[in-house]
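Shown next, in structure tokens, is the structure this report addresses.
Every chain is numbered from 1 and lettered A, B, ... according to where its sequence line falls, protein lines coming before strand lines.
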Amino acid sequence: MGAMIKHLWNNALYQKDAIYINNLQQCELLKNLSSRQLNYLLKNLHKRTYQAQENIFQQDSAGNATYIILEGNVNIHYKDTKLKSNPDNTDISILSSGSFFGETNLYQETGSRVVSATSIKKTTLLSIFKTDIQNMIISKPKIATQVLLNFGEVLSTRIEQITQTHL
Amino acid sequence: MSLNKKYFFQTIIFFLSLSLLFVSLYTVKSLFIYLILSLVLSYLLKPVLILAQPIGLKQHTALLLIFFILGVLCFFGTLYISPILSSNFVQLKADMPSYIQGFQHLVQKIEIYLTELINIPIKLPLPHTSAEQITGWTQIIISNITQLTTMIIMVPIFTFFILIDGNKFILFLFKLLPNNLFEMFVNIQEQVNKHLTVFVQVRILEGFIVGIIVWIGLVALGTPYALFLAIFAAIANLIPYVGPIIGMLPPVIISFVKGYSGFYIGTQILVYSLAQLVDMVLLIPWLVARAVGLNSAIVIVSIIIGSQWGGVLGMIIAIPVANILKISLINFYLYRFNTNIS
């Protein structure tokens, strides 16, 4: 019996979930959430897997999901279409597990992406839409409030950084 | 396999699974109707479930409690309403042949009047077919009542699972989608869901208000089968534009056949108009403000197509189906061609 439980516990699925939860704990957007709350997010939000070099979203295309990396790496790049007729791709950053991207469009109804995101290797992402937060405000208010607080913190830090660079 | 090929196959598999689901549901007609009713009930219960959240009840417990309260309410409601409704129904069934005959006489009179007026022989197609239809409908209603018991058991069970596990089913279905269509479909699903929630809640509330006002008015006027006619008006009210007129026809025809005075018929029409006025003043601004608007011409065309496809049920679900198509088209253009056509 004990061996069976141990086998189940060590099952790949559980291990994968444990790794994902560990990575989610690193995410700035989800800090101060318990493993149980993170597990709820993992079970109730859309999980997507991308192959290496697959487009997650493209610059100027419509989109409003925010993605958190559960596993893998994502390249965020940008083309300055205003300056050149045939612009090169400029890499902005390479993100790893626990990072998030696409958050600038989270609260827009029909926003368009300012950058492109491409997976570097096989990558699993957790998506958050505005509706997910709206639903959670009703069904899981504690999780929703914490996510919104974290989001506010991220925003205020960024505003502070931008202000300092422009002063 | 290249990415494009993978996307293509995933899209095909997604739409095949969706079509298979719809076709199999459509083949088992009773199941299709149970599912539509369960969806309607789940949209109605959602706000009640939200109200139960702050009390700290778990979703399962809250739902069971809601079903229990609803069951008790329905039981006592039926105890009070069913004797009135069944006596209405029995009386109407007994009187039906005389009404059909009276209605045919009435139409013949109109035909003669019109023929004399414009000097061309006129034959209205309505009375003969409607006589058959009316007797046909009464039979359908009687045979449907026997299915009612299965419905009373099945619909709450379906509703329970839609409310508890609906999200898990959507998560599973969306796993079949290719990555390049994922965001678009999440947005379509979310907008359709919002639209249907408002549509169902407002429509049912409208029907309820119209039904109550008509019932009170007809009882005050002493019209026979008042409850039956009020329920008919409430259901007919679900059809936009023509519904209120369809709902008003039976009492007016009955009064004509029975030879009631013009003043009496006028008062009846006034009761129905009052119900429409209250409905318009109270609810329509709310509905227009919150729901996705459709052009009036498109609404009428959708209703005609709906009536050809599925009769009264088709007419009722024509508007949400047209809206779902509109939402899908707007999102398709937005995500595939980056063009906002709304």
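Contact annotation: the side chain of A/Y20 never approaches that of A/L38 to less than 4.5 Å [non-hydrogen atoms, C-beta and beyond].
Shown here are the salt bridge (Lys or Arg N to Asp or Glu O under 4.0 Å) partners of A/E153, two or more places apart in sequence or in another chain: A/K31. Residues satisfying the side chain to side chain donor-acceptor pair (under 3.5 Å) criterion with A/N32, sequence neighbours excluded, are absent altogether. For B/F158, there are no ring pair (Phe, Tyr, Trp, His ring centres under 6.0 Å) partners, not counting sequence neighbours.
At a 4.5 Å heavy-atom cutoff, the contact between B/L177 and chain A is made by backbone and side-chain atoms alike.
Considering all non-hydrogen atoms of both residues, B/F199 and B/P320 come closest at CZ-CD, 3.4 Å.
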N/O donor-acceptor pairs between chain A and chain B, cut-off 3.5 Å:
{"residue": "A/R48", "atom": "NE", "partner": "B/N179", "partner atom": "OD1", "Å": "3.1"}
{"residue": "A/R48", "atom": "NH1", "partner": "B/F174", "partner atom": "O", "Å": "2.8"}
{"residue": "A/R48", "atom": "NH2", "partner": "B/L177", "partner atom": "O", "Å": "2.5"}
{"residue": "A/R48", "atom": "NH2", "partner": "B/N179", "partner atom": "OD1", "Å": "3.1"}
{"residue": "A/T49", "atom": "O", "partner": "B/N179", "partner atom": "ND2", "Å": "2.9"}
{"residue": "A/E54", "atom": "OE2", "partner": "B/Y7", "partner atom": "OH", "Å": "2.6"}
{"residue": "A/E54", "atom": "OE2", "partner": "B/N179", "partner atom": "ND2", "Å": "2.9"}
{"residue": "A/D60", "atom": "O", "partner": "B/N338", "partner atom": "ND2", "Å": "2.2"}
{"residue": "A/N64", "atom": "N", "partner": "B/E183", "partner atom": "OE1", "Å": "3.1"}
{"residue": "A/N64", "atom": "OD1", "partner": "B/N187", "partner atom": "ND2", "Å": "3.0"}
{"residue": "A/N64", "atom": "ND2", "partner": "B/N187", "partner atom": "OD1", "Å": "3.1"}
{"residue": "A/Y67", "atom": "OH", "partner": "B/E183", "partner atom": "OE2", "Å": "2.7"}
{"residue": "A/R113", "atom": "NH2", "partner": "B/E183", "partner atom": "OE1", "Å": "3.2"}
{"residue": "A/R113", "atom": "NH2", "partner": "B/E183", "partner atom": "OE2", "Å": "2.9"}
{"residue": "A/T131", "atom": "OG1", "partner": "B/E190", "partner atom": "OE1", "Å": "2.7"}
{"residue": "A/T131", "atom": "OG1", "partner": "B/E190", "partner atom": "OE2", "Å": "3.4"}

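Rounded to the nearest 0.5 angstrom, A/N23 CG and A/I68 CD1 are separated by 11.0 Å.
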